[in-house]
**Q** 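I am attaching a structure below and will ask some questions about it afterwards.
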4 protein chains.
Amino acid sequence: MLRGILVPFPTPFDAGGEVDARALRANIERWNLTGVSGYVALGSTGERVHLDERERLGVVEAARGAVPHELAFVVGVGEQSTRATIADARRMAGAGADAVLVLTPHFYRGAMTADVLCEYFSAIADASPVPILLYNIPQNTGVALAPEVVARLSLHENIRGLKDSSGDMLALIETLRLVGPERDDFVVMTGHGGALYAALCAGARGAILAVGCAAPELCVAVSEAVEAGDYGRARALQARLAPLAAAVTTRYGIGGLKAALDLLGYAGGTAVRAPLRTPGEEARREIARLLEETVGDKERGTSDP
Amino acid sequence: MLRGILVPFPTPFDAGGEVDARALRANIERWNLTGVSGYVALGSTGERVHLDERERLGVVEAARGAVPHELAFVVGVGEQSTRATIADARRMAGAGADAVLVLTPHFYRGAMTADVLCEYFSAIADASPVPILLYNIPQNTGVALAPEVVARLSLHENIRGLKDSSGDMLALIETLRLVGPERDDFVVMTGHGGALYAALCAGARGAILAVGCAAPELCVAVSEAVEAGDYGRARALQARLAPLAAAVTTRYGIGGLKAALDLLGYAGGTAVRAPLRTPGEEARREIARLLEETVGDKERGTSDP
Amino acid sequence: MLRGILVPFPTPFDAGGEVDARALRANIERWNLTGVSGYVALGSTGERVHLDERERLGVVEAARGAVPHELAFVVGVGEQSTRATIADARRMAGAGADAVLVLTPHFYRGAMTADVLCEYFSAIADASPVPILLYNIPQNTGVALAPEVVARLSLHENIRGLKDSSGDMLALIETLRLVGPERDDFVVMTGHGGALYAALCAGARGAILAVGCAAPELCVAVSEAVEAGDYGRARALQARLAPLAAAVTTRYGIGGLKAALDLLGYAGGTAVRAPLRTPGEEARREIARLLEETVGDKERGTSDP
Amino acid sequence: MLRGILVPFPTPFDAGGEVDARALRANIERWNLTGVSGYVALGSTGERVHLDERERLGVVEAARGAVPHELAFVVGVGEQSTRATIADARRMAGAGADAVLVLTPHFYRGAMTADVLCEYFSAIADASPVPILLYNIPQNTGVALAPEVVARLSLHENIRGLKDSSGDMLALIETLRLVGPERDDFVVMTGHGGALYAALCAGARGAILAVGCAAPELCVAVSEAVEAGDYGRARALQARLAPLAAAVTTRYGIGGLKAALDLLGYAGGTAVRAPLRTPGEEARREIARLLEETVGDKERGTSDP
């Protein structure tokens, strides 16, 4: 199930600032029609770190009901201590996660040596009732999972893959080389929209992309073009995707992605929890312009299929 | 009350890995006799991020009972969202904190602009029933509080100081210059043991130091020597302190500090919560050697007074 | 002429430590038979910064005589001031360079804004009698040429391309997107051996690779496989190339590359100028082992064609 | 002679862009009256990297004639290869340098290990007819001289000191600790204007400061206040110096410093060699304002003595 495009959905908040489970379900029902292969709840885009335990369970339960069983349903976990992360993984497995995406611990980053990280992820994998995926996002955590560490961990039977959001293609390539083409049950996915085409060329099996929320069909089209061996078309589609991907991540953040969803008619409005900020009017206009260029005109030959 | 040396104590765990409140109280009673000016519970050294809410309250309540009212009792707080941090500050104030030390939010570090940080800390300060101190520790968070941001925030009447653990002396100096010598009610403290003497020279009012747990009297002596204008003696004492300070922070981490306390006869053993590790035998011997050199021979003229 | 694989040859030194022009010519004659598309003299691999002006001219003159006119002959230039770099470019054009590869100025890196870099390269391009290529190697210079800067400079008619040694694939992809597929006369080449396949997938036209000195046929084979649309084979060849590429660049440096050439029977020995060092025996054995794995057995189906 | 404030003078250019030896001599004669302890020719501020060999000799000869023999006259050297740097040191000693300030080699920065740097500086020191000073300026070179490396090199009898421009006070403090207070013939000097007071507190013996060209008397006053044990006054003078120091270094660069000299009536105009730029009108006004605040009113009690 872990191939193609997975949608790491944002958590919608209602006017009072509380989790809006109805909006979430409505969004998932719409994404279900786009060709995506699954979902990630409570990822970085899902503001997991802004939600308390009760809210997290609410998100997972609401989503679980709307995600068809033939699609992947992954849930983000990850506290700073091994014991808290194990408890988190068990809770999310109990709430219906097919797999958990485990963030690197990072507050004591100076202590996160290769051995410490291996021991940590092995302990989580040993204890988790469902398979785990490694989550590498050094731009948020300051901790990078080296290719050698991923390769060591790929031998654990309950560790089934990596989401790499670093955008460091040389590390991704080296990871794929070290894991080896024969380890078919360990899935490397990129989490960086600007790297989608390049990661697939390098041998990644799929992607978990914030921009996939706003342009799921275009992301799926890039993936399918590579799968079909049409690299020229894939590259052209990637060039179309890139500015929107940058806008809804590094440039305007989660607020930017929510504004894009709002403009596209998804439910949920643009609220993010403070200290994050909702983009202003100018940013909103820029996002609207980028949406128009990227997914707006389905008539042209190169538009979303 | 915020001057001199504050002890950011580690959280002792018992053989079963649970918080050992009795050991904590015993340690505080011993530090009470050393000339320190106060305590910080649940800081980085206190493994706050490894404790759940119930455990955090347990630590604060146990410590509160052992800290004399003429000493400062600061408690570390800080979640990623504004609303969770406000709730945390209120809870800790209710449990007896004189002030709260508020960590920068950091998971969405790319979004932590100067304006966002000012808005965040102002909101916490508005809502907190007790004064707040800003906590800058970019080596753990990846977010640095710029001198300009600290200077802006120093104007808020419920923001009373800064703990700067960065070790960036140029930033500390610039912060002190921008805040101005006349803002007597805003206290700049260093949180970096290697920078104690330099920070005091630059005009810092005190320090919150992990190495202060292991060598409280030597830290107090550095502070008193600067206060007395005896810069030569202060510099010599600092040179004696430096290797131990490095060992119980960057080199061997919290496990190293706990080993040092163990060797000095404090209660609590050397356990840290995974994924952190307890130092091995060789590290323990090195720490013992450093303790011997640093605090071991009270006869010499330059020893702890 | 700027496509395929260009060889940025090292400068051979004789037993007395002086430039060995005869060895250089012999090496070029051997590389001429491997399918490479051209050469770069006096690049980073060529120890340009270790040669005086007279020696540089000696290298260029020796090489010019051995490089067939249907192959590209590029010469590295680049001083810190605009006027010195212009003089350098003129001198090298006079000595027979088809084009010059112009390093970013970098000693005053804090002053190297986008505007300053655009002005600099434009001035060199205006004054150079031969076309110029931009040279981005931030790991040596601390100055990165942003995609926007390259795109602006690509409009200058005497600026014909970029050698990007950064290994930052996202920047390379963005550069190609901003330059646009229609700007056929501006050539983007990677200078990072680990990125060869990925860069070609992304649309780079060729590569200038230190590892190309030691494994020219394998590098050419990667390039031809992508050209032929055989991405699977290209990826497999790249995986074979990667460890050797790392060994003769980041791991053992120019000394490592010269040791590899020595082991392969090229002329010139392994001397590098101090403070660089010749690799020791263990490194030499490791390089021999990597050569064996990478280019040693031409019988296998995936070996150098 | 290496104590107090040394002036690392910029190289004046005439209207035609050539070195203006007469202006240089005039400036030195003026600085001779300010209480400074000596000069550094051809440092980073002196645009050494923008001058050819003939020009460098011209600068040194012009300056030598104007520097009284009781003041220190240090000359910057440093090429990328050991042999070229030795030749450079010999040439500058021959032209009258009392000592040479040797930059770290840096183009192959990945190869600049502690051992390589020790070997390099030892080789230069062995061959140089005059004493050498180590020059650490990682913000320009990307190579930092670790305290351990400086301490090892301090044992060489022809290595007499360190100019540390990094602004990393913790490294400076650790360097002083490792060198030891008894090594009286090894002089640690700061090269960072913002760190002057802090470095002197930490035990540095003096400073080589770009801002010392524009505010020599204020810099000397800071140094004398620390020497006299008047730390409060020194700190206040440092706070006055800081904004000007930032302006004529990181903010407006060498062009900013030359503009300041111009405004103060020194000879030489504001030209810098491209790609560096002369500051515009707004920057010039800001520099004028800072000069006014810093050195403008000699009547006040805290003004330049």
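Chain letters run A, B, ... following the sequence lines, proteins first and then strands; every chain starts at 1.
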**Q** Side chain, backbone, both or neither: which part of D:Glu47 has a heavy atom under 4.5 Å from chain C?
**A**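 Both backbone and side chain of D:Glu47 come within 4.5 Å of chain C.
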
**Q** Please output the residues of residues 100-115 of chain D in contact with chain C, using a heavy-atom cutoff of under 4.5 Å, in numerical order.
**A**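 Within residues 100-115 of chain D, the residues under 4.5 Å from chain C are D:Leu103, D:Pro105, D:His106, D:Phe107, D:Tyr108, D:Arg109, D:Ala111, D:Met112, D:Asp115.
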
**Q** Name the member of D:Gly253, D:Gly255, D:Ala84, D:Ser44 that forms the most heavy-atom pairs with chain C at distances under 4.5 Å.
**A**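 Among D:Gly253, D:Gly255, D:Ala84, D:Ser44, the one with the most close pairs to chain C is D:Ser44.
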
**Q** Against chain D, label C:Thr141 side chain, backbone, both or neither, depending on which of its atoms sit under 4.5 Å from a heavy atom there.
**A**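 Both parts, heavy atoms under 4.5 Å.
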
**Q** Picking from C:Thr85, C:Asn140, C:Val49, C:Val116, which has the most non-hydrogen pairs under 4.5 angstrom with chain D?
**A**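 Of the options given, most contacts go to C:Asn140.
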
**Q** Within the distance-only criterion (no hydrogens, no angle test), does the side chain of D:Lys163 pair as donor or acceptor with the backbone N or O of D:Tyr135 below 3.5 angstrom?
**A**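 No, the answer is negative, given that no donor and acceptor are paired below the 3.5 Å cut-off.
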
**Q** Side chain, backbone, both or neither: which part of D:Leu117 has an atom under 4.5 Å from a heavy atom of chain C?
**A**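 Neither; nothing under 4.5 Å.
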
**Q** Run C:Phe121 and C:Val149 through side chain to side chain contact (heavy atoms under 4.5 Å, CB included) and show every step you take.
**A** CA-CA 10 Å; C:Phe121 283 109; C:Val149 170; 5.7 Å; no

**Q** Answer yes or no: is there a donor N or O on one side and an acceptor on the other, between the side chain of D:Arg160 and the main chain of D:Pro131, under 3.5 Å?
**A**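 Judged by distance alone, no pair lies under 3.5 Å.
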
**Q** Under a 3.5 Å distance rule, please check whether C:Arg56 uses its side chain to pair with a backbone N or O of C:Leu51 as donor and acceptor.
**A**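 Yes; judged by distance alone, with no hydrogens or angles, the pair exists.
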
**Q** One pair to check against salt bridge (charged side-chain N to carboxylate O under 4.0 Å, His left out): D:Glu18 and D:Arg54. What are the steps and the verdict?
**A** CA-CA 12 Å; D:Glu18 301 306 316; D:Arg54 193 185 45 79; 5.1 Å; no

**Q** Would you name the heavy atoms of D:Ala125 and D:His156 that are closest together and state the gap between them?
**A**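 Residues D:Ala125 and D:His156, closest heavy atoms: CB-CE1, 3.4 Å.
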
**Q** Can you tell me which of C:Arg83, C:Glu79, C:Gln80 forms the most heavy-atom pairs within a distance under 4.5 Å of chain D?
**A**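 Looking at each of C:Arg83, C:Glu79, C:Gln80 in turn, C:Arg83 comes out on top.
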
**Q** Is it the side chain or the backbone of C:Arg48 that comes within 4.5 Å of chain D heavy atoms, both, or neither?
**A**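 Contact with chain D is through the backbone of C:Arg48 alone.
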
**Q** Taking C:Arg273 for the side chain and C:His50 for the main chain, is one N or O donor matched with an acceptor at less than 3.5 Å?
**A**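 Yes, because the side chain of C:Arg273 sits within donor-acceptor range (under 3.5 Å) of the backbone of C:His50.
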
**Q** So does D:Gly78 get a backbone contact from the side chain of D:Asp88, meaning a donor-acceptor N/O pair under 3.5 Å?
**A**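 The answer is yes, because a donor-acceptor pair under 3.5 Å joins these two groups.
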
**Q** Check whether D:Thr250 gets within reach of chain C through its side chain, its backbone, both or neither, counting any heavy atom under 4.5 Å.
**A**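 Neither part.
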
**Q** Does CD in C:Glu148 sit with more than 12 non-hydrogen atoms of other residues, nucleotides or ligands closer than 6.0 Å?
**A**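 More than 12 within 6.0 Å, yes.
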
**Q** Which bit of D:Glu119 comes within less than 4.5 Å of chain C, counting heavy atoms only: side chain, backbone, both or neither?
**A**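 Side chain of D:Glu119 only, per the 4.5 Å heavy-atom cut-off to chain C.
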
**Q** So, C:Asp20 side chain and C:Pro12 main chain: donor-acceptor pair closer than 3.5 Å or not?
**A**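 Not at all, since once roles are kept as given, no pair shorter than 3.5 Å links the two residues.
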
